[in-house]
Every structure is written in C-alpha cells, then in structure tokens.
Amino acid sequence: MAVNINLYQTIKQTLTNQNVQLIAVSKTKPNEDLQALYDLGQRAFGENYVQELVDKEASLPKDIQWHFIGHLQSNKVKYIAPFVYLIHGVDSEKLLQEINKQAAKQNRIIDCLLQVHIATEETKFGFDGPSLHELLVSGRVAQYPNVRIKGLMGMASFSEDQELLSSEFTLLKSYFDKAKLAFANGQFDTLSMGMSSDYALAISKGSNMVRIGSLLFGARNYNK
Ligand SMILES: *Cc1c(COP(=O)(O)O)cnc(C)c1O
C-alpha cells in the first residue's frame, strides 16, 4: 500500500484552512487504500470508470461521497444514478438530459458540474465559453429539474508551463464568475480545478475544489 498518510494530513489541513474541498482521486487503487484515507476522515472520493465505481460503492462504507470525475457516456448514467454525489464532467446538454432522466427515476436530484474546455489539447472534453454561456442564459436548464448545476470543472493542459496553466485557470475562473451571475440561484458555488501537479496554482486562481490522486495514493499502474 502506497498511501501517503503524512502528506494527506498536511494537504488536508492546508486545504481546510483555505476553504478548499479535497477530492481524493482513487481510480485504479484497491479498496484498502481508500479505506486507509476513510479511516482518517476522508469522505469525498473521485473515480472515472463506471464499473470500477459501481464495484467500490458496493463494498466500501455507505457514507462515502462518490464523485464521478471522468468522461461519462450517456448509456452508463443509469449505473451510478442511484448513489453518485457529484458528477464533474458534464460536457454536453445531451448528457445533462440523460442525468435528469435517470435522477428522476431514482427520485433524486443529482448535483453536476459543467466541464469547460480550457486546455490546448483537442482531446479534452467540455463546453467552450460561448456554448456554456448560451446554455446558462437560455433558461433550458429549467427543463432538467432533477439536476442541480453546482458549478464548473476544468482540466488544464498537460504541461509544466506555469504561465500557460495560470492563464487557463484564470480563464476558467472568469467563466465561473460570469456563469454565477447568469445563474444567480445561490447554489452555483463550486469551481473544480487543480490536480496533484497544479493544485496550488489552481487555488491561487480561485479553485475551491481540487482533485488529487497520485500525490495521495502513489503513481497509478494501468497495466495490472
Ligand atoms: C486522474 C484525474 C485526476 C487526478 O490526477 P492526479 O494527477 O493523480 O492528481 C484529477 N482529475 C481528473 C479528471 C482525473 O481523471
């Protein structure tokens, strides 16, 4: 087990002091690693594969808040709708529609973040600035009463260029501020940005939720 207990406690304390929520990204990690952080009080865990999340939910404590942080296919929403706490990667209106439908079947309101494309890479999913704004001011969100849009999520470029990352986080924060005004419902309050390598920078640019994996759990091995 490679869980870094000391680092967890240090990071947790720092984030608490800054009013930033920590999502422990546990994808690919065994249940005992999650349990180790759970035993220290961690409740918010992030996963990005539906089947893995469903399996973990079934065998770990029921008061864990499960965050789905990856790209979610519409046809898989039904598997996580009964229990998911927050879906970070809502990148299309079609997906929002499906989440609304599955949430209604479960008699739930599911909290969601809209994912915004801020990175230079073509491959990262998400709304662009204009389409995000259009959706929020259109009033169409009211057609989806079983989803609650809590804020935005974004991933910066895969790069060590601090100026590039800084400008991407700043851009996302500006979309967040604008969307919050457009939305004006008092529940749009979450900006999920920052991972192991860039969370401090993301917080300095206005993030209030960070998704940290490898720093807490050690490097991931996808070939097991
Ligand atoms: C894997 C992942 C993370 C965590 O990455 P680390 O570099 O291990 O901290 C954060 N966000 C998303 C969307 C991820 O897929």
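In each ligand, atom 1 is the first atom listed, and ligand 1 is the first ligand listed. Source: prediction; values computed, not measured. The first residue in the sequence is number 1, and the count goes up from there. Note: hydrogens, waters and symmetry copies are ignored here, and every other heavy atom, side chains too, is used.
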Report, in ascending order of atom number, the atoms of ligand 1 lying under 4.0 Å from any heavy atom of [X].
X      : value
Met155 : 13 (C)
Asn48  : 15 (O)
Gly213 : 4 (C), 6 (P), 8 (O), 9 (O)
Met153 : 13 (C)
Ile212 : 9 (O)

Give a yes or no on whether the backbone of [Y] and the side-chain of [X] come within a donor-acceptor separation of less than 3.5 Å.
X      : Y      : answer
Gln65  : Phe45  : no
Asp198 : Leu201 : no
Ser138 : Leu135 : yes

Tell me: protein heavy atom nearest [atom], and distance?
atom                    : value
atom 1 (C) of ligand 1  : Lys27 NZ, 1.4 Å
atom 11 (N) of ligand 1 : Arg211 NE, 2.8 Å
atom 9 (O) of ligand 1  : Ser196 OG, 2.5 Å
atom 7 (O) of ligand 1  : Ser214 OG, 3.6 Å

* To do: Kindly indicate whether the side chain of Leu72, heavy atoms from C-beta on, has any atom under 4.5 Å from the side chain of Leu95.
  => yes
* Asked: Between Gln102 and Glu98, does a side-chain hydrogen bond (donor to acceptor under 3.5 Å, both in side chains) hold up when you go through it step by step?
  -> CA-CA 6 Å; Gln102 297 300 333; Glu98 179 64 15; 2.8 Å; yes
* Asked: Do any N/O atoms on Ser197 end up under 3.5 angstrom from N/O atoms on ligand 1?
  -> no
* Asked: When the ring centroid of Tyr175 is compared with that of Phe127, is the distance short of 6.0 Å?
  -> no
* **ligand 1 contact by His88, heavy-atom criterion under 4.0 angstrom** => no
* Work out whether the distance between some heavy atom of Ile69 and some atom of ligand 1 is less than 4.0 Å. => yes
* To do: Look up atom NZ in Lys56 and atom OG in Ser26, then write down how far apart they are to the nearest 0.5 Å.
  => 4.5 Å
* To do: For side-chain hydrogen bond (donor to acceptor under 3.5 Å, both in side chains), just list the numbers for Tyr79 and Gln51, CA-CA rounded to whole Å, side-chain angles, deciding distance to a tenth of an Å, and then say yes or no.
  => CA-CA 8 Å; Tyr79 301 115; Gln51 189 56 51; over 6 Å; no
